[in-house]
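Okay, structure first, notes after.
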Amino acid sequence: MMLQVKNLTVQYGPADPLVLQDISFSLEPAERVALIGANGAGKSTLLLTLVGVITPRGGSIILGGVPMSRKRLPELRQLAGMVFQDPDNQLFMPTLVDDIGFGLRNYGFDEKTVETRITTVLAQLGIGHLKNRLSHKLSGGEKRLAALAGVLVMEPSVLLLDEPSAFLDPRSRRTLISILAGLPQTMLVATHDLELAQALCPRTMLLKGGRVFAEGQTRELLQDHTLLEQAGL
Ligand SMILES: Nc1ncnc2c1ncn2[C@@H]1O[C@H](COP(=O)(O)OP(=O)(O)OP(=O)(O)O)[C@@H](O)[C@H]1O
Ligand SMILES: [Mg+2]
């Protein structure tokens, strides 16, 4: 099992309602699962909890055999990489190339490896021409691809993607889907793009009000219009 989540409960503040309730699921190595649900269903919160940005109130997370704990966060962050819903929360170095290399340098990779990996990932995503551009001056779609590059370059075992196709033009979106489909990583993909879910993820988990409302084969689940309507989609 690459990821195992049991009875996960999340609350933002002590006076706030539970945002995630009793979430349990697991991902096999190389499995790709779509995470769908209406606005506010808890998709982003779940992904953020899985990378340790949010501390759960209850339940357990085991990632690549490592139980989630504050002490083991550095290790866990190498195992799982998340691309945030808002790329402005991800990009913070002045130029794209510095941004993408930041994580690698932080983990002490030698400069030659850093350069090679950056070149490879930029070519893979077709954004080599943006290399020396200022991160904050990129377009929405360019930022999104740049944020993905910064995560892929770390070669994590698990990819947590929050709305990866948002802001992408049709061609970049198709490119993204085919790139993701060719990656070996285990993936959990939060998305409103049901076509992407269908194309990329054999399995889907549907959240409603912070709970798993349905789970199953993507094709079957997306054909169940009553179910989707009940979930606010
Ligand atoms: N920092 C926060 N403090 C308090 N409540 C929050 C915070 N962030 C999110 N929430 C609440 O948690 C719930 C789940 O939000 P979340 O962002 O996880 O939903 P989502 O499924 O990702 O929605 P979307 O499709 O709009 O991205 C919402 O009710 C939201 O208002
Ligand atoms: Mg979200």
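Every value quoted in this text rests on a predicted model; they were computed, and no experiment measured them. When a ligand or atom number is given, it counts from 1 through the structure's own listing order.
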N/O of A41 under 3.5 Å from N/O of ligand 1, yes or no? yes
Measuring to the Mg ion (ligand 2), does T45 have an N/O/S atom at a distance below 2.8 Å? no
Please write down residue, atom name and distance for the protein heavy atom closest to atom 10 (N) of ligand 1. Y12 CE1, 3.4 Å
State the atoms of ligand 1, each with its element, that fall below the 4.0 Å cut-off from a heavy-atom position in A38. 21 (O)
Among all protein non-hydrogen atoms, which one is nearest to atom 17 (O) of ligand 1, and what is the separation to 0.1 Å? S44 CB, 3.7 Å
Any donor and acceptor pair, going by atom type alone, linking the side chain of S135 with main-chain N or O of M93 inside 3.5 Å? yes
Electrostatic pair R144-E163, nearest N-O below 4.0 angstrom: no
Using a 4.0 Å cutoff against the non-hydrogen atoms of Q85, which atoms of ligand 1 qualify? 27 (O)
Nearest neighbour in protein (non-hydrogen) for atom 12 (O) of ligand 1: V19 CG1, 3.3 Å
Do side-chain atoms of R211 reach the backbone of D22 as a donor and acceptor pair under 3.5 angstrom? no
I want to confirm something. Looking only at heavy atoms, which of A166, G209, A190, G40 is nearest to atom 14 (C) of ligand 1? G40
When you measure from the side chain of R77 to the backbone N and O of V51, does any donor-acceptor pair fall under 3.5 Å? yes
Can you give me the OE1-the Mg ion (ligand 2)-OG angle for Q85 and S44, to 10°? 80°
For atom 18 (O) of ligand 1, tell me which residue out of T45, L18, N39, D16 has the closest non-hydrogen atom. T45
Donor on one side chain, acceptor on other, Q85 and S44, under 3.5 Å: yes
Going through the distances and angles, do R72 and E75 end up as a salt bridge (charged side-chain N to carboxylate O under 4.0 Å, His left out)? CA-CA 5 Å; R72 300 190 76 172; E75 216 177 320; 2.9 Å; yes
Taking F84's backbone N and O only, do any of them form a donor-acceptor pair with Q90's side chain (distance below 3.5 Å, no angle check)? yes
Taking backbone and side chain together, does N39 place any N/O/S atom at a distance below 2.8 Å from the Mg ion (ligand 2)? no
Ion pair present between D162 and K43, side-chain N to carboxylate O less than 4.0 angstrom? no
Under 4.0 Å and counting heavy atoms only, is there anything from the protein next to atom 31 (O) of ligand 1? no
